[in-house]
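Notes follow once the structure below has been shown.
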Amino acid sequence: MKNLETLNETFGNNCLSFVQGENNFIKAVLKTAAGSSADIYLYGGHVTSWVKSGSGELLFMSKKAEFQKGKGIRGGIPVIFPQFGGGGLPNHGFVRNKEWECISAEVLNGKDIKVVLEIKEDSETLKLWPFPFSLKLEITLTESLDINFIVTNTGKEAFSFTDALHTYFKVGDISEVEVTGLKGLTYLDKVNNFAETPETQERASFDRFFDRVYKNSPDKVELHDKKLNRIIIIEKINFTDSILWNPWEGSVAMKDMHENAYKEMICIESGNAASRVELKPGAVFSASQTISVR
Ligand code: TA6
């Protein structure tokens with residue numbers, strides 16, 4: 001794990017610097033000439049802020065988010081691999097709870113910034129999940145925030161996984177939010193024993209706890225925020241599903257969620273959650289998400 005000085009010497013430029021963030025966790029701070037910015041912690045490969053010039057902060061971060069080794073950071077864009085949700089591994093896998101390496105940083109077209117982070121197996125992960133792998137995140141800050149999610153099977157055995165970019169969006173008031181693009185899909189309703197449920201709403205709205213895996217969702221979904229008067233567009237490639245979640249008043253039991261935090265957020269996650277991705281030795285899987293605002 002490189003220290004701050006080495007990171008800045010190796011990758012720093014006039015748009016990117018590494019600083020000590022919360023609890024002295026190292027984060028990259030990206031700033032474009034157009035006035036957009038993003039914060040990316042090496043811990044978890046975790047984007048915690050995306051500010052678009054003219055629109056303000058687009059991502060939700062809990063005021064009580066914990067920056068502790070072994071714990072997930074509550075908010076931003078947790079990276080979920082090799083397991084979405086519960087199962088034989090820790091909930092949502094283990095890469096969000098580990099240090100990633102920065103392997104490259106460059107300014108594109110004189111204005112956009114691309115940072116590549118990588119995590120590989122180590123003795124801890126091999127105990128949990130006995131497969132060598134590489135997971136790279138190519139994060140590009142332009143007028144939008146683009147993330148390429150690239151898994152390589154670097155071992156000699158095939159493996160399978162589920163995944164997600166577990167994105168927490170900041171909203172003005174969850175009761176004044178609508179999500180479009182889901183009508184006609186079937187979702188697994190985790191609030192109702194994973195019942196296969198048809199989505200009948202053109203403009204899905206929310207008034208209670210929801211936790212839904214929309215299978216084979218379209219590659220574009222929109223978040224309409226009436227209170228903040230903005231539309232966030234989530235576009236994805238090769239992430240087959242969209243997962244929507246808000247704990248509602250249940251968040252009172254979550255010690256890393258501040259009071260009434262549920263009112264200010266919605267998770268719309270791009271992932272492969274309902275079906276596993278199979279990867280042969282040497283094979284590469286890539287998926288991407290682009291979020292933008294208008
Ligand atoms: O994506 C929705 C979900 O799977 C919910 O079921 C809930 O567990 C949420 O993720 C948060 O999980 P976490 O492990 O980050 O508390």
Side-chain angles (χ1 to χ4, degrees), residues 22 25 41 43-48 59-98 128-129 147 149 161-171 174 177 179 182 185-197 199 204 206 208-217 221 223 232 234 236 239-259 261-277 287 289 291:
E22 297 289 336
F25 283 28
Y41 278 83
Y43 179 75
H46 200 127
V47 178
T48 56
L59 301 180
F60 165 85
M61 273 296 290
S62 170
K63 297 183 179 74
K64 295 174 73 176
E66 296 175 323
F67 289 75
Q68 302 292 335
K69 302 279 187 213
K71 278 184 175 288
I73 297 171
R74 184 67 63 194
I77 308 178
V79 182
I80 310 300
F81 177 86
Q83 173 189 287
F84 180 86
L89 297 174
N91 199 53
H92 285 332
F94 47 71
V95 299
R96 65 172 175 169
N97 300 342
K98 292 195 62 77
L128 289 169
W129 193 64
I147 298 180
F149 174 99
F161 59 91
T162 51
D163 63 48
L165 295 177
H166 195 296
T167 312
Y168 286 72
F169 291 100
K170 178 183 175 66
V171 297
I174 186 63
V177 151
V179 177
L182 301 170
L185 296 176
T186 299
Y187 62 87
L188 301 175
D189 187 350
K190 291 171 73 173
V191 174
N192 181 22
N193 298 318
F194 290 83
E196 299 245 351
T197 312
E199 179 52 74
F206 312 93
R208 69 198 68 183
F209 169 35
F210 59 93
D211 191 352
R212 305 171 182 174
V213 179
Y214 286 84
K215 300 192 292 184
N216 302 313
S217 58
V221 169
L223 164 55
I232 295 179
I234 302 110
K236 59 184 176 69
F239 284 122
T240 51
D241 311 318
S242 298
I243 302 99
L244 272 64
W245 173 66
N246 184 302
W248 224 262
E249 274 112 354
S251 60
V252 73
M254 298 166 68
K255 73 185 184 68
D256 59 355
M257 283 279 267
H258 62 268
E259 190 177 6
Y262 74 91
K263 294 181 178 177
E264 311 160 29
M265 52 85 46
I266 183 171
C267 280
I268 302 178
E269 309 155 33
S270 303
N272 297 289
S275 52
R276 302 185 68 78
V277 178
Q289 171 183 272
I291 49 182

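Just so you know, ligand 1 is whichever comes first in the structure, and atom 1 is the first atom listed for that ligand. Both backbone and side-chain heavy atoms feed into the values below; hydrogens, waters and symmetry mates do not.
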So side chain to side chain donor-acceptor pair (under 3.5 Å) across residues 74-84, not counting sequence neighbours, yields R74-Y168, R74-D256
For the residue pair F81 and F149, categorise the inter-ring angle as parallel (less than 30°), tilted (30 to 60°) or perpendicular (more than 60°).
perpendicular
Sub-3.5 Å pairs, protein N or O with ligand 1 N or O:
unit_1   : atom_1 : unit_2 : atom_2 : d
ligand 1 : 1 (O)  : H166   : NE2    : 3.0
ligand 1 : 1 (O)  : E269   : OE1    : 2.8
ligand 1 : 1 (O)  : E269   : OE2    : 2.8
ligand 1 : 4 (O)  : H92    : NE2    : 3.2
ligand 1 : 4 (O)  : K190   : NZ     : 3.1
ligand 1 : 6 (O)  : K190   : NZ     : 3.2
ligand 1 : 6 (O)  : D211   : OD2    : 2.6
ligand 1 : 10 (O) : H92    : NE2    : 2.9
ligand 1 : 10 (O) : H166   : NE2    : 3.0
ligand 1 : 14 (O) : N91    : ND2    : 2.8
ligand 1 : 14 (O) : R96    : NH2    : 2.8
ligand 1 : 15 (O) : R74    : NH1    : 3.2
ligand 1 : 15 (O) : R96    : NH1    : 2.8
ligand 1 : 16 (O) : R74    : NH1    : 3.1
ligand 1 : 16 (O) : R74    : NH2    : 3.0

Does the plane of the ring in W248 sit parallel, tilted or perpendicular to the ring in Y262? Use 30° and 60° as the thresholds.
tilted
Can you say whether the rings of Y187 and Y214 are parallel (under 30°), tilted (30 to 60°) or perpendicular (over 60°)?
tilted
Suppose the criterion is salt bridge (charged side-chain N to carboxylate O under 4.0 Å, His left out): which pairs have a residue in residues 89-98, not counting sequence neighbours?
K98-D122, K98-E124
Using atom types as modelled, flag every donor-acceptor pair under 3.5 Å from a side chain in residues 86-95 to any protein atom, sequence neighbours excluded.
unit_1 : atom_1 : unit_2 : atom_2 : d
N91    : OD1    : G86    : N      : 3.1
H92    : ND1    : G85    : N      : 2.8

